[in-house]
Amino acid sequence: MASLLPAFQSLPLPIVQLSLAAVLKCGQSFRWAILDVGEDTEYRLCLRDRVVCLRQSPTTLFYRALYPDPQPTPTQKALRDAETLVWLNDYFQLDVDLVGLYNEWSTRDPVFARMQSRFEGIRILRQDPWENLISFICSSNNNISRITKMVQALCTEYSPPLLTYEGEKYHPFPPPSVLAQPGVSATLRSLGFGYRAEFINRTAKMLADTHGRMPLPNDTFEASERWLMSLRNSRTDDAREELLKFVGVGRKVADCVLLMSLDKKEVVPVDTHVHQIAVKHYGLKDASGPSGKKATMTPKIYGDVNTKLFRVWGDYAGWAHSVLFTADLKSFASYGLPAPGSRTTSPSSTKIAPDFMPGDILPTPPLTPVSSLKRSNDPVHCSSDCQEAATLAERVKRRRRGA
DNA sequence: AAACTACCGACA
DNA sequence: GTCGGTAGTT
């Protein structure tokens with residue numbers, strides 16, 4: 001790496017605060033290119049105006065940006081490199097002390113305490129809401145491997161390459177106005193999107209029609225994208241209600257967007273997999289029938305799981321959930337069982353023997369007061385509303401049908 | 001309100 | 001047949 005060092009800037013950052021290997025392929029973002037570079041791995045993400053490149057050592061994050069022609073002058077480059085650093089801090093939410101959170105969760109939760117050391121550096125990304133929304137509309141009934149291919153295909157089809165580097169073209173994520181065009185759903189279907197093609201086209205059109213499809217002056221984002229970002233300042237329930245208006249967005253997808261791009265750190269998205277974790281490790285009642293059939297996810301079950309995990313982990317429950325979720329993916333992989341949602345080709349997935357076995361049931365720890373953490377002035381999440389929030393999804397959808 | 005079905009494609 | 005959901009219907 002030493003020979004490449006001049007091209008990279010370095011940022012001191014212990015791996016316990018951020019593990020790129022874990023975070024960038026655990027199903028949060030589906031757009032990072034992962035390259036093997038000798039002994040090392042490089043991660044690249046194409047933004048609207050630059051490609052961000054990352055590498056990591058145990059103590060340091062190395063970063064640089066590629067720019068489209070014309071290449072910036074040395075002065076301009078210095079300025080833009082500074083912007084990249086600002087972006088990194090924002091995207092990885094580096095002002096949030098992950099080690100402090102791990103300690104907090106360990107105090108509250110014996111299950112977490114027993115496995116935390118094996119899964120360090122797993123944090124929630126602060127993603128672009130528009131990209132996040134479309135990506136997770138793709139995620140229904142789907143796995144990480146295929147979602148990644150679909151998102152890649154969508155970018156290649158609908159946005160021109162920003163630049164070419166080492167023979168590889170880098171496409172940004174297309175804006176809403178582009179995906180709102182007629183005919184997009186047919187094209188996406190031909191690209192293998194299935195029934196999600198219509199969801200994406202209709203959601204893009206609805207968003208652009210309702211909140212503006214013009215590019216904002218002096219801005220790389222369109223008006224509707226800025227509107228989505230403004231939901232970061234809304235209360236969780238209000239933001240969720242807005243998201244549920246879109247086609248192809250149910251409770252789970254909405255919660256993923258709330259957690260991963262709208263700053264709603266307490267939100268725990270519940271799928272069948274998370275449900276299983278809650279049953280196996282947190283003593284949630286197993287609603288699956290005596291026939292052993294898998295229980296379908298109902299609003300009630302969703303709310304029960306949500307409430308339980310919020311009580312266990314507290315204000316950053318959504319963040320804790322991602323650690324357990326990622327850990328469980330790897331646990332399954334180590335058993336040689338199909339890892340739910342894992343890439344079919346994951347050469348770098350380390351075989352890790354979990355020190356807890358599926359089936360362990362631990363008592364729920366007593367509810368301890370939430371210690372004051374950073375960003376405590378955010379809109380407050382009302383934990384008692386978890387159950388009601390579960391049925392809210394139904395209400396919103398019903399209202400749309402009736403109207 | 002809860003339960004059922006269809007949907008696209010990959011996988012066992 | 002299963003599955004990292006959602007929409008539409010009863």
Side-chain angles (χ1 to χ4, degrees), chain A residues 25-30 132-151 153-154 185-203 206 240 243-260 267-279 287-289 291-306 318 321-322 324-333 335-346 387-388 390-403:
Chain A
K25 40 185 183 182
C26 71
Q28 291 190 56
S29 171
F30 303 96
N132 193 213
L133 177 63
I134 297 303
S135 298
F136 277 83
I137 287 178
C138 294
S139 76
S140 73
N141 254 331
N142 212 342
N143 58 64
I144 292 178
S145 175
R146 184 154 81 111
I147 300 166
T148 303
K149 287 175 190 148
M150 287 164 64
V151 171
L154 182 147
S185 59
T187 303
L188 290 181
R189 262 197 185 266
S190 75
L191 291 174
F193 278 61
Y195 56 81
R196 304 163 193 88
E198 281 75 27
F199 292 164
I200 291 170
N201 197 184
R202 290 173 64 190
T203 287
M206 187 186 310
R240 182 187 287 118
L243 293 175
L244 287 171
K245 291 176 182 171
F246 297 111
V247 201
V249 179
R251 179 67 198 272
K252 196 263 184 176
V253 171
D255 281 359
C256 284
V257 176
L258 289 173
L259 173 65
M260 300 178 189
V267 171
V268 179
V270 179
D271 53 35
T272 53
H273 194 214
V274 170
H275 179 211
Q276 290 310 308
I277 292 177
V279 170
S288 64
S291 54
K293 289 189 175 183
K294 270 212 158 123
T296 54
M297 182 59 59
T298 64
K300 166 157 175 49
I301 294 178
Y302 195 112
D304 289 346
V305 174
N306 210 310
H321 134 276
S322 78
L324 263 278
F325 188 83
T326 305
D328 215 55
L329 286 182
K330 297 196 180 191
S331 297
F332 276 107
Y335 288 129
L337 295 173
S342 71
R343 319 168 76 88
T344 47
T345 60
S346 76
Q387 184 64 52
E388 292 175 25
T391 55
L392 178 66
E394 297 303 297
R395 284 229 190 87
V396 172
K397 294 293 176 181
R398 204 177 309 279
R399 194 181 314 158
R400 288 184 57 237
R401 267 172 259 151

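Everything numeric in this text was worked out from a predicted model, so none of it was measured. A note on names: the letters A, B, ... follow the listed sequences, proteins ahead of strands, and every chain is numbered from 1.
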Spacing of [X] atom [atom1] relative to [N] atom [atom2], expressed in whole Å:
X	N	atom1	atom2	answer
Met297(A)	dT5(B)	CE	P	19 Å
Lys252(A)	dG4(C)	NZ	C1'	5 Å
Ile301(A)	dA2(B)	CD1	P	11 Å
Asn142(A)	dC8(B)	CG	C1'	9 Å
Ile200(A)	dT6(C)	CD1	C1'	13 Å
Gln276(A)	dG4(C)	CD	P	8 Å
Lys149(A)	dC8(B)	NZ	C1'	15 Å
Arg196(A)	dC7(B)	CZ	P	14 Å

statement: On DNA chain C, more 5' by nearest nucleotide between Ser139(A) and Phe199(A) is Ser139(A)
- request: Would you indicate, yes or no, if dT6(C) has its OP1 or OP2 atom less than 4.0 angstrom from a side-chain nitrogen or oxygen of Arg251(A)?
  value: no
- prompt: Looking only at side-chain N and O atoms, does Thr272(A) come under 4.0 Å of OP1 or OP2 in dG4(C)?
  reply: yes
- prompt: Mind checking the P distance from dG5(C) to dA1(B)? Whole angstroms is fine.
  reply: 25 Å
query: Can you tell me how far C1' in dA2(B) sits from the matching atom in dG4(C), rounded to whole Å?
result: 24 Å
query: Base, sugar-phosphate alone, or nothing: which one does Cys138(A) contact when heavy atoms must sit under 4.0 Å apart?
result: nothing
message: Applying a 4.0 Å non-hydrogen cut-off, can you work out what Val249(A) is touching in the nucleic acid: base, sugar-phosphate, or nothing?
response: sugar-phosphate
query: For DNA chain C, what string of dots and brackets results from 5' to 3' when Watson-Crick and G-U pairs need both distances under 3.5 Å, crossing pairs get [ ], and pairs with another strand get |?
result: |||.||||||
- prompt: For the base of dC8(B), is there a side-chain donor-acceptor partner from Arg189(A) under 3.5 Å away?
  reply: no
message: Quick check: any donor-acceptor pair below 3.5 Å linking the side-chain of Tyr195(A) to the base of dG5(C)?
response: yes
- prompt: Where the side chain of Thr298(A) is concerned, which of dA3(B), dG5(C), dA7(C) is the nearest nucleotide?
  reply: dA3(B)
- request: Taking only the side-chain heavy atoms of Arg146(A) (C-beta and beyond), determine which of dG4(C), dG5(C), dG9(B) contains the nearest atom.
  value: dG9(B)
statement: Rounded to the nearest 0.5 angstrom, the CZ-CG distance for Phe136(A) and Leu259(A) is 9.0 Å
query: Looking at SG of Cys138(A) and CG of Leu133(A), how far apart are the two atoms once the value is rounded to the nearest 0.5 Å?
result: 10.0 Å
field: Where Pro269(A) and Val274(A) come nearest, the two heavy atoms and their spacing
entry: O-CG2, 3.7 Å
message: Give me the atom names and distance for the closest heavy-atom approach of Cys26(A) to Thr326(A).
response: CB-OG1, 3.6 Å
Mark yes or no for whether [X], through its side chain, and [Y], through its backbone, hold a donor-acceptor pair below 3.5 Å.
X	Y	answer
Thr203(A)	Val247(A)	yes
His321(A)	Gly318(A)	yes
Arg146(A)	Gly192(A)	yes

field: Sequence-distant partners of Ser140(A), side chain to side chain contact (heavy atoms under 4.5 Å, CB included), two or more places apart
entry: Tyr195(A), Arg196(A)
